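These figures come from a predicted structure and were not determined experimentally. Side-chain atoms are counted along with the backbone in the values below, which use heavy atoms only and exclude waters and symmetry mates.
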Amino acid sequence: MQGLQAAKDKASGLFATKPLLFKNAQYENFHVDQKGYDQMYDGEDLETPPSPDRPPPRPIDKYVRAECPCLTARYTVALLACFGFSIMFGMRCNMSMAKLKMTEKHNTSSGVKEDTPFEWNVEVESSIDSSYFIGYLITQVPGGFLASMYPANKIFGAAIAMSALFNMAIPGAMSIGPAAVVLIKVAQGFVEGVTYPSCHGIWRMWAPPLERSRLATLAFCGTYAGIVIGMPLSGLLTDYIAWQAPFYFYGVSGVIWYVMWLWLVFERPSKHPHISGKELTYIEQSLGTATQAAMPGFWATPWKAFATSPPVYAIIVANFCRTWNFCLLVIFQSAYFNTRFNMQITESGFVGAIPHLIMTSLVPIGGMLADYLRKNNIMTTTNVRKLFNCGGFGLEAFFFVLVAYANNKYVATIELTMGVACSGFAISGYNVNHLDIAPRYASILMGLSNGIGTIAGFLVPIVIDYMTQERYKLEKAITEWRDVFLMGATVHFIGITIYGIFASGELQPWAEPTPPYDPPVKSLDHETTFTEPLKGSEPPAYGAIAPPRPPAPQQHVPNNPFVSGAFYQTEPVQPPAEPYQDLTDDGTY
């Protein structure tokens with residue numbers, strides 16, 4: 001027996017010296033200290049395994065795990081969101097290329113002939129281009145509330161899938177008439193209006209504070225990648241197949257993307273069945289209890305604080321200015337090259353994609369640089385947001401002025417490419433600023449600012465179509481497009497001024513819920529004990545009839561199990577009885 005006990009002791013000592021990884025191999029080896037965000041764990045120094053309450057795997061997870069090779073769960077979410085935005089914005093290019101094909105001119109023996117299957121005038125084209133933004137505007141703020149009340153990932157995925165289905169219905173609607181196209185475009189904008197607010201709702205659950213810029217910009221760069229791919233691809237499909245081909249291609253792509261999104265993306269890290277324990281603990285500890293707070297309803301939302309907050313107005317104005325110039329390029333860039341420099345459809349599609357290609361690469365770089373400056377305390381969050389937003393807007397405005405006076409298509413392409421590329425830095429400014437000033441209301445603020453910014457998207461087609469009514473005449477096109485780009489530069493300079501003065505990167509006082517009221521507790525020096533006289537003005541006595549009870553106790557008396565804390569009050573009683581005297585003979589005392 002002594003030998004057996006010695007062997008057991010030796011084995012216990014042997015395994016006690018092994019790393020914790022061998023004790024519990026199902027989790028990674030890690031430990032997280034309670035540090036501030038500046039010293040937050042970077043994912044490499046954990047030692048103590050967590051005990052995450054993982055959800056049970058779905059039937060499909062038994063065959064294929066819900067994970068991407070070489071990518072963490074949060075970057076998988078960002079990458080798929082990028083693809084989703086790319087499909088959504090690629091669909092916006094379909095109509096502009098289809099219109100160029102419909103109005104294409106051909107040289108025939110009888111002269112120049114226009115291939116015009118649909119007789120649309122300027123008013124009809126403006127109505128179709130603007131109708132999308134009517135629906136887009138309606139669901140911005142409601143989309144923020146939906147993302148706060150329901151899983152934001154499901155709202156985001158369903159919106160893009162429904163938009164893809166509507167996109168496939170557009171060719172059929174065009175054969176019916178302009179009114180049918182307007183209705184489809186309104187419906188498409190209606191469902192897409194929730195995408196930006198719901199994306200912010202996703203990052204509220206998934207983005208550690210010091211990775212907000214890089215994750216958000218990685219997702220949002222899909223908007224520019226969509227233009228990069230959408231313009232030339234729509235041009236190729238339109239030129240070599242038919243003008244209907246881009247609508248069907250992007251519709252099918254959106255449905256395929258939705259299947260991948262449902263498979264790989266979850267509402268929050270704790271509901272992901274295959275997220276690593278290291279990543280789960282890092283995200284949850286960096287976010288703290290912020291994601292556990294109940295989201296406000298409509299009436300509990302601090303609307304008055306929104307309406308009186310200068311940083312909120314700065315974000316709204318920046319969003320409006322950015323939307324103005326972005327819609328200008330998305331809708332009219334191909335028309336600019338086609339009418340100003342007589343480029344063919346395919347060529348104008350490829351040339352128009354070059355600026356957005358460069359910007360797509362600069363957007364995530366800007367996000368990483370912004371996070372680097374904040375993480376290393378080189379600049380405050382406020383200064384980082386102002387630097388990137390005002391710098392991006394200023395450079396784009398400067399190159400817009402040069403484009404306005406360009407007389408060569410190669411010079412115009414280079415100047416436009418530089419301007420649009422530099423504007424990508426602004427995404428690390430206003431577009432993630434909601435998460436800085438009010439992370440709890442980020443999805444609602446995104447809906448509010450993007451909704452007001454959408455007004456620019458509604459106005460741009462009307463204003464630009466009106467300003468360029470004679471753009472098919474070269475002499476008129478020169479002056480008309482010059483005015484268009486000078487107006488775009490002016491809009492950006494206004495945005496720079498307002499954002500530079502009023503923007504902030506600090507958490508606002510109204511951004512967090514009011515802490516619950518805790519009543520003060522009696523100190524030990526003021527506790528009620530049995531040695532203290534009970535409260536009252538009369539000495540206690542026996543045989544009394546009690547008056548009505550005092551009010552219910554107001555607070556608990558700590559550390560005394562026998563005293564309830566009620567207001568003690570003595571009862572008024574009759575005087576004590578006196579000894580009786582003997583009666584006299586006549587019956588009196």
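Under the salt bridge (Lys or Arg N to Asp or Glu O under 4.0 Å) criterion, E267 pairs with K271, sequence neighbours left out. For F83, there are no ring-ring contact (aromatic ring centres under 6.0 Å, His included) partners two or more places apart in sequence or in a different chain. Legend: residues meeting salt bridge (Lys or Arg N to Asp or Glu O under 4.0 Å) with K409, ordered by chain and number and at least two apart, are E347. Annotation: ring-ring contact (aromatic ring centres under 6.0 Å, His included) contacts of F399 (sequence neighbours excluded): none. Among residues two or more places apart in sequence or in another chain, the side chain to side chain donor-acceptor pair (under 3.5 Å) test is passed with N389 by none. Every ring-ring contact (aromatic ring centres under 6.0 Å, His included) that H434 has, sequence neighbours left out, goes to H200.
Proximity of the aromatic rings of F85 and Y224 is defined here by a centroid distance below 6.0 angstrom, and this criterion is not met. No close placement of the W261 and Y258 rings is indicated, their centers lying 6.0 Å or farther apart.
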Is there a side-chain hydrogen bond (donor to acceptor under 3.5 Å, both in side chains) between Q508 and Y441? Walk through the geometry before answering. CA-CA 11 Å; Q508 299 300 295; Y441 303 102; over 6 Å; no
Please evaluate residues F393 and Y499 with respect to the criterion ring-ring contact (aromatic ring centres under 6.0 Å, His included), reporting the C-alpha separation (whole Å), side-chain torsions for both, the decisive distance (0.1 Å), and the verdict. CA-CA 10 Å; F393 279 11; Y499 195 88; 7.6 Å; no
Test log, rule side-chain hydrogen bond (donor to acceptor under 3.5 Å, both in side chains), inputs N167 and R92: CA-CA 9 Å; N167 204 60; R92 296 189 187 185; over 6 Å; no
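Classified by interplanar angle (parallel below 30°, tilted 30° to 60°, perpendicular above 60°), the ring pair F266/H272 is tilted. Between F133 and Y136, the ring planes lie perpendicular to each other; the angle is over 60°, past the 30° to 60° tilted range.
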